[in-house]
Amino acid sequence: MEAIVRASIPGARIAAVISNRADAAGLAFAARQGIETVVVAHAGYSERNQFDAALRDAIDAYAPDLVVLAGFMRVLGEDFVRHYAGRLLNIHPSLLPAFPGLHTHRRAIAAGVKLHGASVHFVTTELDGGPIVIQVAVPVLPDDDEDRLASRVLAEEHRIYPQAVRWFVEGRLSITEDGRVEVADACPAAFALHLPPLDAE
């Protein structure tokens with residue numbers, strides 16, 4: 001969220017930052033930037049659909065063109081997701097469709113993959129299964145542990161998420177009938193590969 005705010009995307013105005021946790025650090029950051037903040041505490045609702053409805057009402061009060069999930073760790077119900085179809089983005093720390101769900105860095109290392117990364121995607125009712133907007137790959141190094149790999153992936157997440165939001169704001173994203181995202185006036189594959197420099201011979 002902070003990376004998107006700091007990107008100062010032309011034509012975009014961040015209407016509010018909404019969290020289900022009053023102690024979320026992003027709320028304090030947003031307030032310092034003069035952005036309105038709202039808390040919809042999930043603990044106050046006995047049913048998930050009740051929380052989803054309250055969250056939707058809080059979001060809709062700002063009439064947003066785009067809703068961006070950033071570190072939001074609760075699964076949203078189908079009605080909520082459908083309400084924002086085509087205008088709800090999420091970022092996931094893996095090269096989807098690989099490693100959906102939690103503990104992606106640990107699972108990538110355990111699987112022995114050579115490339116890991118992050119994906120920005122439109123949210124659908126399938127968990128981490130929506131159309132992919134942009135991905136970035138980073139190498140999994142021989143001495144990586146979960147924390148080192150996560151740190152390198154996070155640095156790239158901060159780069160590609162503002163880019164995806166910028167493309168949306170510029171009207172360059174479209175979803176094809178077969179569920180792929182096309183980016184107007186972009187390279188055929190919205191994919192970045194960051195490799196460490198090779199040692200000199």
Please lay out, stage by stage, how Q135 and S119 fare under the test side-chain hydrogen bond (donor to acceptor under 3.5 Å, both in side chains). CA-CA 4 Å; Q135 293 181 303; S119 308; 2.9 Å; yes

Between V183 and L173, does a side chain to side chain contact (heavy atoms under 4.5 Å, CB included) hold up when you go through it step by step? CA-CA 5 Å; V183 184; L173 299 181; 3.6 Å; yes

Take I134 and W167 through the test side chain to side chain contact (heavy atoms under 4.5 Å, CB included) and record every step on the way to the result. CA-CA 10 Å; I134 185 172; W167 283 340; 3.7 Å; yes

Could you please spell out the steps behind the side chain to side chain contact (heavy atoms under 4.5 Å, CB included) verdict for I59 and F80? CA-CA 11 Å; I59 293 170; F80 182 96; 3.8 Å; yes

Working for side chain to side chain contact (heavy atoms under 4.5 Å, CB included), residues F99 and R106: CA-CA 10 Å; F99 310 119; R106 182 187 315 166; over 6 Å; no

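By the 4.5 Å heavy-atom criterion applied to side chains, D185 and R172 are counted as neighbours. Counting heavy atoms from C-beta on, the side chains of P131 and T124 come closer than 4.5 Å. For the pair Y84 and L76, the minimum side-chain heavy-atom distance is 4.5 Å or more. Side-chain contact between I175 and R180 is absent, with no heavy-atom pair separated by less than 4.5 Å. Two residues are said to be in side-chain contact when any heavy atoms from C-beta on lie closer than 4.5 Å; V140 and K114 fail this criterion. Counting heavy atoms from C-beta on, the side chains of L154 and E157 come closer than 4.5 Å. Here the side chains of I4 and V68 are in contact, with some heavy-atom distance below 4.5 Å. Looking at heavy atoms from C-beta onward, L149 lies in side-chain contact with V138 at the 4.5 angstrom threshold.
Rounded to the nearest 0.5 angstrom, F51 CZ and S46 OG are separated by 13.0 Å. Of the inter-residue distances, the one linking S8 atom OG with R13 atom CZ reads 14.0 Å to the nearest 0.5 angstrom. Interatomic distance, L115 CG to L95 CG, rounded to the nearest 0.5 Å: 7.0 Å. The CZ atom of R21 lies 4.0 Å from the CG atom of D23; values are rounded to the nearest 0.5 Å. Taking CD of E78 as the start and CD of E126 as the end, the distance is 11.0 Å to the nearest 0.5 Å.
With sequence neighbours excluded, no residue forms a side chain to side chain donor-acceptor pair (under 3.5 Å) with N49. Residues satisfying the side chain to side chain donor-acceptor pair (under 3.5 Å) criterion with R87, sequence neighbours excluded, are absent altogether. Residues forming a side chain to side chain donor-acceptor pair (under 3.5 Å) with R56 (at least two apart in sequence, or on another chain): none.
Without hydrogens or angle criteria, D144 side chain to L141 main chain gives a donor-acceptor distance under 3.5 Å. Under a 3.5 Å cut-off, the side chain of S94 and the backbone N or O of A118 do not form any donor-acceptor pair. Between the D60 side chain and the A63 main chain, no donor and acceptor come within less than 3.5 Å of each other. Side-chain atoms of D128 come within 3.5 Å of backbone atoms of G101 as a donor-acceptor pair (strictly under, hydrogens ignored). Using a distance-only test at 3.5 Å, with no hydrogens or angles considered, a donor-acceptor pair links the side chain of R107 to the main chain of P100.
Contact record, V40 with A54: CG1-CB, 3.9 Å, taken as the closest heavy-atom pair. Residues V17 and G26 share a closest heavy-atom pair of CG1-O, 4.5 Å. Closest of all the heavy-atom pairs between I9 and P162 is CD1-O, 3.6 Å. A164 and V120 make their closest contact through CB-CG1, 3.6 Å (heavy atoms, listed as atom of the first residue, atom of the second, distance). V38 and L27 get closest at one heavy-atom pair: O-CD2, 4.1 Å. Closest approach of H158 and A3 over heavy atoms only: O-CB, 3.6 Å.
When only modelled atom types and interatomic distance are considered, H116 and H105 share a side-chain donor-acceptor pair under 3.5 Å. Using modelled atom types, one finds no donor on one side chain facing an acceptor on the other under 3.5 Å when comparing Y45 with N20.
When the side chains of ILVMFWY residues are joined at heavy-atom separations under 4.5 Å, either directly or via intervening members, I18 and L88 end up in a single hydrophobic cluster. Note: the hydrophobic cluster containing I91 does not contain I132 (ILVMFWY, side chain heavy atoms under 4.5 Å, direct or indirect links). Under the 4.5 Å side-chain heavy-atom criterion for ILVMFWY residues, no single connected hydrophobic cluster contains both V181 and L96. Both Y62 and L69 are assigned to one and the same hydrophobic cluster, defined by single-linkage of ILVMFWY side chains at heavy-atom distances under 4.5 Å.
Taking 4.0 Å as the cut-off between side-chain N and carboxylate O, E156 and R152 do not count as a salt-bridged pair.
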